[in-house]
Amino acid sequence: MDAFFTGLDNLLQAPVLIAMAIGALGGVAIGAVPGIGPAIAIAILLPATVFLDDLVSLVLLLGVYGSSMYGGAIPAILINTPGTPVNALTTYDGFSMTRRGEAARALSLAYSSSFFGGCFSILTALVCLIAFGPYLKDFGALFGQRDILMAAVLGSVLLILAHRRTMAIAALLFGIGFLISMVGRQSTRGFARYTFDFEYLAAGFNLIVVIVGIFALSQALNLLTGKDADPPEARLKGGLFRGLSELRNYPGVATASAAYGTVMGIIPGVGEFVAQFFSYATARSLSKNPEQFGHGAPAGLIASETANNAVPAAAMLPLLALGVPGEALTAMMMVVFFDAGIKPGPDIFEKTPDFLFSLFIALLCVNVLVVAALMVSTRAISRMVHIPNRFLGAFILILAFVGVFSIRNSFVDCAFAAGFGFLGFVLRRLDWPLVPMVLGMVLGSIIVEKLTAGAGKIRDWSDLVDRPVSGFLAIVIVLVILATAASLVRERKRSLS
């Protein structure tokens, strides 16, 4: 408990509280504007975190991460356009409720559901830290280099398999990201890899530069080359506080969806989309009126919003426990950890437990702050959906280049970011996923580092799985692949019959 109170005390500092408020309220505004989303916002903010205190930087990013999906529900419900990709399922029932004249009720339910899901996930993580904190220092002994290597491989496999209909494309992009991570001088042995004698490639590609290019610049180009849309006006009638009481009518849906979000968030490479579809399918199967789903069912809206907001806190656990990011946003936060000299992994529980409590308490405060602010400011925020796309694209473009240049005052970094931005733009036009490439860089560097560090103990492939943890993870990898293959075969047979 001492670590808990120390972590709480760390948050009660003016710069940290200001960063929390800016991140939380800014994340809502960012989520409410279709076309930006938390990944792009965090990509733009990453260069600025270099100049901030470690905890201030992470609290700022956590604020954006934990609050953007609240804002993303606003355009999804009002104009049938999700503010962030994970709010896409919210449009099914949210916009139908708006067309029935129940926009305020839908928004209130979305906020209340997101709040419940976020608090459920955060409190679960905090209880685990408090209950098992004294034993976590021994947890690190279970994980050697080969164990973390296998955890990274498992995350890679889950990431690829999560893109069920585009697994080949996801594997290709993951491989490209893996290859990009290997460019530059090898850290332990000092030899150059894939530099082709170009000195500016000796340091490799900066992860922040790649992220800004892939996410922010590509979206800016997408907005600049698209058409401005004039969404219809949706008037808000009724109070925004009724959802807090109405949520009590759906305890089973809310609890199951929060549990799905927490579990799916812990599993690397899965995230909000899978959690949402599981939650939505479960809510529909348990409903007495399943035919209403997709046509304005409150339970469908609750399932979607509860599940997606339960993921962020849970997704921090594999990052902190194993140093393996589950998706793009936690991969971006990993950059801040590295810049702060904090190495995520089992040792973090022993060395800086107060820091962990600070992060989860900050996420809890963000949820409370956001839901309180939204109940009184939704009418003002809802007007942001009318910002012209091209103005938004130009704004993102300027911010992205300024941010990249500020990292090392390098025009070469700007050129690299532009190149990756164009690549991301092409991938968006092809409707190919961007996340596998970024996680390919992050997980690829972990795999190479751990493989190199443990090379002295690896005589053949069997040595990779001769430890209890690595052996268990290897079995999980095989079972996941076999289960996915069996599922694809069944789908193939049904399509042919």
Student: According to side-chain contact (heavy atoms from CB on, under 4.5 Å), who are the partners of V16, at least two apart in sequence or on a separate chain?
Tutor: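 V16 satisfies side-chain contact (heavy atoms from CB on, under 4.5 Å) with L11, Q13, L55, V56, V59 once adjacent residues are dropped.
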
Student: Do S112 and V371 make a side-chain contact, defined as non-hydrogen atoms from C-beta onward lying under 4.5 Å apart?
Tutor: no

Student: So do the side chains of Y111 and V370 get within less than 4.5 Å of each other, counting heavy atoms only?
Tutor: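 Side chain of Y111 against side chain of V370, heavy atoms only: no contact under 4.5 Å found.
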
Student: Who passes ring-ring contact (aromatic ring centres under 6.0 Å, His included) against F472, sequence neighbours left out?
Tutor: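 F472 satisfies ring-ring contact (aromatic ring centres under 6.0 Å, His included) with no other residue.
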
Student: Just jot down the side-chain hydrogen bond (donor to acceptor under 3.5 Å, both in side chains) partners of S181, sequence neighbours excluded, or say none.
Tutor: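 With sequence neighbours excluded, S181 shows a side-chain hydrogen bond (donor to acceptor under 3.5 Å, both in side chains) to no residue whatsoever.
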
Student: Can F420 and I180 be said to form a side-chain contact (heavy atoms from CB on, under 4.5 Å), step by step?
Tutor: CA-CA 11 Å; F420 282 109; I180 292 171; 3.6 Å; yes

Student: Can you name the nearest heavy-atom pair linking P251 to T255, along with the distance?
Tutor: O-OG1, 2.8 Å

Student: Checking V368 now: which residues fulfil side-chain contact (heavy atoms from CB on, under 4.5 Å) with it, not counting sequence neighbours?
Tutor: F115

Student: Quick one: side-chain hydrogen bond (donor to acceptor under 3.5 Å, both in side chains) partners of S121, sequence neighbours excluded?
Tutor: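 Here no residue qualifies.
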
Student: How long is the span from the CG atom in L473 to the CG atom in L149, to the nearest 0.5 Å?
Tutor: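 If we round to the nearest 0.5 Å, L473:CG and L149:CG are 10.0 Å apart.
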
Student: Which heavy atom in N367 sits nearest to a heavy atom in C119, and how many Å separate them?
Tutor: CB-SG, 4.5 Å

Student: Which pair of heavy atoms, one from S218 and one from R428, lies closest together, and at what distance?
Tutor: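 What the structure gives for the nearest pair is OG-NE, 2.8 Å.
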
Student: Give the minimum heavy-atom separation between C414 and F401, together with the two atoms involved.
Tutor: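 Shortest heavy-atom contact: O-CE2, 3.6 Å.
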
Student: Please determine whether side-chain contact (heavy atoms from CB on, under 4.5 Å) holds for the pair S156 and I447, giving the CA-CA distance in whole Å, both sets of side-chain angles, and the decisive distance to 0.1 Å.
Tutor: CA-CA 10 Å; S156 306; I447 291 171; 3.9 Å; yes

Student: With a 4.5 Å heavy-atom cut-off, do R105 and P298 have their side chains touching?
Tutor: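 When only atoms from C-beta onward are counted, P298 and R105 do touch, with a gap below 4.5 Å.
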
Student: Which pairs of donor and acceptor atoms, one on a side chain in residues 435-446, lie under 3.5 Å apart (sequence neighbours left out)?
Tutor:
from: S445; atom 1: OG; to: M441; atom 2: O; distance (Å): 3.3
from: S445; atom 1: OG; to: V442; atom 2: O; distance (Å): 2.7

Student: Quick one: do F405 and S410 satisfy side-chain contact (heavy atoms from CB on, under 4.5 Å)? Show the steps, please.
Tutor: CA-CA 5 Å; F405 183 78; S410 171; 5.7 Å; no

Student: I22: what forms a side-chain contact (heavy atoms from CB on, under 4.5 Å) with it, not counting sequence neighbours?
Tutor: I18, L60

Student: Do the non-hydrogen side-chain atoms of F178 and V448 ever get within less than 4.5 Å of each other?
Tutor: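 Yes, side chains in contact.
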
Student: If you compare all heavy atoms of A258 against all heavy atoms of A310, which two are closest, and at what distance to 0.1 Å?
Tutor: O-CB, 3.6 Å

Student: Please report the shortest heavy-atom distance between N309 and S114, naming the atom on each side.
Tutor: ND2-O, 2.9 Å

Student: Which residues satisfy the side-chain contact (heavy atoms from CB on, under 4.5 Å) test with A474, sequence neighbours excluded?
Tutor: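 Counting only residues at least two positions away or on another chain, A474 forms a side-chain contact (heavy atoms from CB on, under 4.5 Å) with M150, V465.
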
Student: Can you find a heavy atom in the side chain of V366 that is under 4.5 Å from one in the side chain of L62?
Tutor: no

Student: Got a second to check how far L301's CG is from S113's OG, nearest 0.5 Å?
Tutor: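 So the gap between those two atoms works out to 6.0 Å.
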
Student: Residues in side-chain hydrogen bond (donor to acceptor under 3.5 Å, both in side chains) with Y250, at least two apart?
Tutor: none

Student: Quick one: ring-ring contact (aromatic ring centres under 6.0 Å, His included) partners of F116, sequence neighbours excluded?
Tutor: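 Testing F116 for ring-ring contact (aromatic ring centres under 6.0 Å, His included), a comparison that skips the adjacent residues, returns none.
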
Student: Applying ring-ring contact (aromatic ring centres under 6.0 Å, His included), name anything that partners F416, two or more places apart in sequence or on another chain.
Tutor: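 So F416 forms a ring-ring contact (aromatic ring centres under 6.0 Å, His included) with F205.
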
Student: Measure the spacing between CG of L109 and OG1 of T90 and express it to the nearest 0.5 Å.
Tutor: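 The OG1 atom of T90 is 11.5 Å from CG of L109, to the nearest 0.5 Å.
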
Student: Which atom pairs, one a donor and one an acceptor, fall under 3.5 Å between side chains of residues 71-78 and the rest of the protein, sequence neighbours left out?
Tutor:
none

Student: Atom CG in L369, atom CG in L364: separation rounded to 0.5 Å?
Tutor: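 Interatomic distance, L369 CG to L364 CG, rounded to 0.5 Å: 11.5 Å.
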
Student: About how many Å separate CG of L217 and CG of L397, when rounded to the nearest 0.5 Å?
Tutor: 6.0 Å

Student: Would you give the length of the straight line joining atom CD1 of I361 to atom CG of L12, rounded to the nearest 0.5 angstrom?
Tutor: 9.0 Å

